[in-house]
Chemist: 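After the structure tokens below, expect a handful of questions from me.
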Amino acid sequence: MKALALIGGFGTRLRPVTYVVPKQLIPLAGKPMLYHVLDLLPDDVEEVVLATGYMADAIDGYVRSHPPRWPIRTVRESEPLGTGGGMKNAAAGMSDPFYLLNSDVIAAADLGSMARRHRASGGVGTMALARVDDTRPYGVAALGDGDRITAFVEKPEPSDAPSHWINAGLSIWGRSVLDRIPPSRAVSFEREIVPGLLAEGVFGFRLAGYWDDAGTRERLLRAQRLLFDGGRGGDGRLPAGSTGDGPVAAMEGSSAAGASFGKYVTLGPRARVEPGARVEDSVVMDGAVVERGAHVVGSLVGPGVRVAAGSRVESAVLADGAPGTTR
Ligand code: GDD
Ligand code: MG
């Protein structure tokens, strides 16, 4: 089987950082979001096709310098085509069936067993489902006998949500679904195509472990906590010469001698936390500096940002050289 990863969104809910770096390259627990998703794929996947658009050069460059364990091909959109349009644009040579991945979700999921379930079901699709309390940001499934999906509503009002089981952004489809997507225009796969496929048999695959969509600051930091707690943040050891709790994922070239940490922190490549500064529940991206005595909590600090000595940054998304930057 091949996999098609959707990676072209603007990441609007993580601006201003997503003005300077695509959402999927933001590191969580020491690794870009995209790589946590790809890690879920079985080893025997033949090829991963990345359907890119927004900041495609940055994605290409990163993938070239950090090659994943499967052959990778990127297919670019010259204008955003939406999830369905992105699938259509990348359809050539796709396997039957294929994995479809949103590239901003983190999950404990056994996609190999989902594929076996898919083949046994005889249906056209199998969708991993996560149980959440607030269904508003997601696509919601109604389930019938044998977990067959009987209705699917994208981002419904709570009163219209048929259940608490939502599209986890990890699914398997027969290649024929690609023929159902109209060419050369923006298409939402979830809104325009999925409801019409239900008659051909689309089944839910309920996930039991953790799941999150890292598309907002709150959910991104929650996703990072889940990754660390799920053992996917490396050893989490405090950087040399620092004190505090951890886990901290200190990426190559980062330093923090004399600094202190609360729980759940990623220090991106070459990030620096100066003596007397403190960071907790945050992501400090590549080359950013938290100066002496500064305190960063619950925040996403973009590449190259300097958090001024002695200042306090809380629940913020900071970027340099981007419109809308609040500093
Ligand atoms: N190639 C391409 N082109 N990819 C896109 C485009 C596009 O125009 N727009 C979005 N994507 C990618 C995003 O980068 C992301 O990886 C994925 O498609 C889903 O887009 P989001 O913008 O993150 O969608 P969402 O989070 O609001 O909703 C989706 O994900 C939920 C689970 O996280 C839907 O699939 C929901 O049904 C689902 O519950
Ligand atoms: Mg999303």
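Atoms within each ligand, like the ligands themselves, are counted from 1 in listed order. Residue indices begin at 1 and follow the sequence shown.
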Chemist: Please list, one pair per line, the donor and acceptor atoms closer than 3.5 Å that link side chains of residues 165-175 to other protein atoms, with sequence neighbours excluded.
Modeler:
unit_1 : atom_1 : unit_2 : atom_2 : d
Asn167 : OD1    : Gly169 : N      : 2.9
Ser171 : OG     : Trp173 : NE1    : 2.8
Arg175 : NH1    : Met94  : O      : 3.0

Chemist: Between the side chains of Arg232 and Tyr210, does any donor sit under 3.5 Å from an acceptor?
Modeler: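 Arg232 vs Tyr210: donor-acceptor pair found between side chains.
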Chemist: Does any N/O atom on Gly139 come nearer than 3.5 Å to any N/O atom on ligand 1?
Modeler: yes
Chemist: Which option wins on minimum heavy-atom distance to atom 28 (O) of ligand 1: Arg76, Lys155, Gln24?
Modeler: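 It is Lys155 whose heavy atom sits nearest to atom 28 (O) of ligand 1.
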Chemist: Give a yes or no answer on whether the side chain of Glu274 reaches the backbone of Val289 with a donor-acceptor pair at less than 3.5 Å.
Modeler: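 Pair absent, no side-chain N/O of Glu274 close to backbone of Val289.
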Chemist: Which option wins on minimum heavy-atom distance to atom 29 (C) of ligand 1: Asn167, Asp213, Asn102?
Modeler: Asn102
Chemist: Checking salt bridge (Lys or Arg N to Asp or Glu O under 4.0 Å) between Asp213 and each of Arg219, Lys23, Arg136, which is the one that passes?
Modeler: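 So, applying the salt bridge (Lys or Arg N to Asp or Glu O under 4.0 Å) to Asp213 and each of Arg219, Lys23, Arg136, only Arg219 qualifies.
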Chemist: Among Glu190, Met127, Arg219, Arg13, which one puts a heavy atom closest to atom 24 (O) of ligand 1?
Modeler: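 Among Glu190, Met127, Arg219, Arg13, the closest heavy atom to atom 24 (O) of ligand 1 belongs to Arg13.
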Chemist: Select the closest option to atom 7 (C) of ligand 1 among Pro22, Gly82, Pro80, Gly86, judged by heavy-atom distance.
Modeler: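 Heavy atom nearest to atom 7 (C) of ligand 1 belongs to Gly82.
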Chemist: What is the distance from atom OG1 of Thr74 to atom CD1 of Ile7, rounded to the nearest 0.5 Å?
Modeler: 9.5 Å
Chemist: Verify whether the ring centers belonging to Tyr62 and Tyr35 lie closer than 6.0 Å.
Modeler: yes
Chemist: Check whether any N or O atom of Asp104, backbone or side chain, sits under 3.5 Å from an N or O atom of ligand 1, and answer yes or no.
Modeler: yes
Chemist: Keeping waters out of it, list the protein N, O or S atoms under 2.8 Å from the Mg ion (ligand 2).
Modeler: Asp104 OD2, Asp213 OD2
Chemist: With backbone taken as N, CA, C and O and side chain as the heavy atoms from C-beta onward, which portion of Val105 lies under 4.0 Å from ligand 1: side chain, backbone, both, or neither?
Modeler: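 Under 4.0 Å from ligand 1, Val105 contributes side-chain atoms alone.
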Chemist: Could you see which bit of Tyr54 sits under 4.0 Å from ligand 1, with heavy atoms only: side chain, backbone, both or neither?
Modeler: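 No part of Tyr54 comes within reach of ligand 1.
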Chemist: Does either side chain, that of Thr266 or that of Gln224, offer a donor lying less than 3.5 Å from an acceptor on the other one?
Modeler: yes
Chemist: Going by the atom numbers of ligand 1, which of them fall below 4.0 Å from some non-hydrogen atom of Trp211?
Modeler: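 Reading through ligand 1 atom by atom, the close ones are 32 (C), 33 (O).
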Chemist: Taking Tyr54 for its side chain and Thr18 for its backbone only, find out whether a donor-acceptor pair lies under 3.5 Å.
Modeler: yes
Chemist: Got an N/O contact under 3.5 Å between Leu6 and ligand 1?
Modeler: yes
Chemist: Should the pair Asp212-Arg225 be classified as a salt bridge under the 4.0 Å nitrogen-to-oxygen rule?
Modeler: no
Chemist: In terms of atom number and element, which parts of ligand 1 are under 4.0 angstrom from non-hydrogen atoms of Glu154?
Modeler: 28 (O), 34 (C), 36 (C), 37 (O)
Chemist: Quick check: closest heavy atoms across Pro239 and Leu267, and the distance to 0.1 Å?
Modeler: CG-CD1, 4.1 Å
Chemist: Mark the output for Ser103 as yes if a heavy-atom distance to ligand 1 is under 4.0 Å, and as no if none is.
Modeler: yes
Chemist: A side-chain contact here means heavy atoms from C-beta on lying under 4.5 Å apart; do Leu100 and Met127 qualify?
Modeler: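 No; the side chains remain at least 4.5 Å from each other.
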Chemist: Considering only heavy atoms from C-beta outward, does the side chain of Ser315 approach that of Val297 to under 4.5 Å?
Modeler: no
Chemist: Hey, is ligand 1 close enough to Gly8 that some N/O pair sits below 3.5 Å?
Modeler: yes
Chemist: Where's the contact between Ile7 and ligand 1, heavy-atom distance under 4.0 Å: side chain, backbone, both or neither?
Modeler: backbone
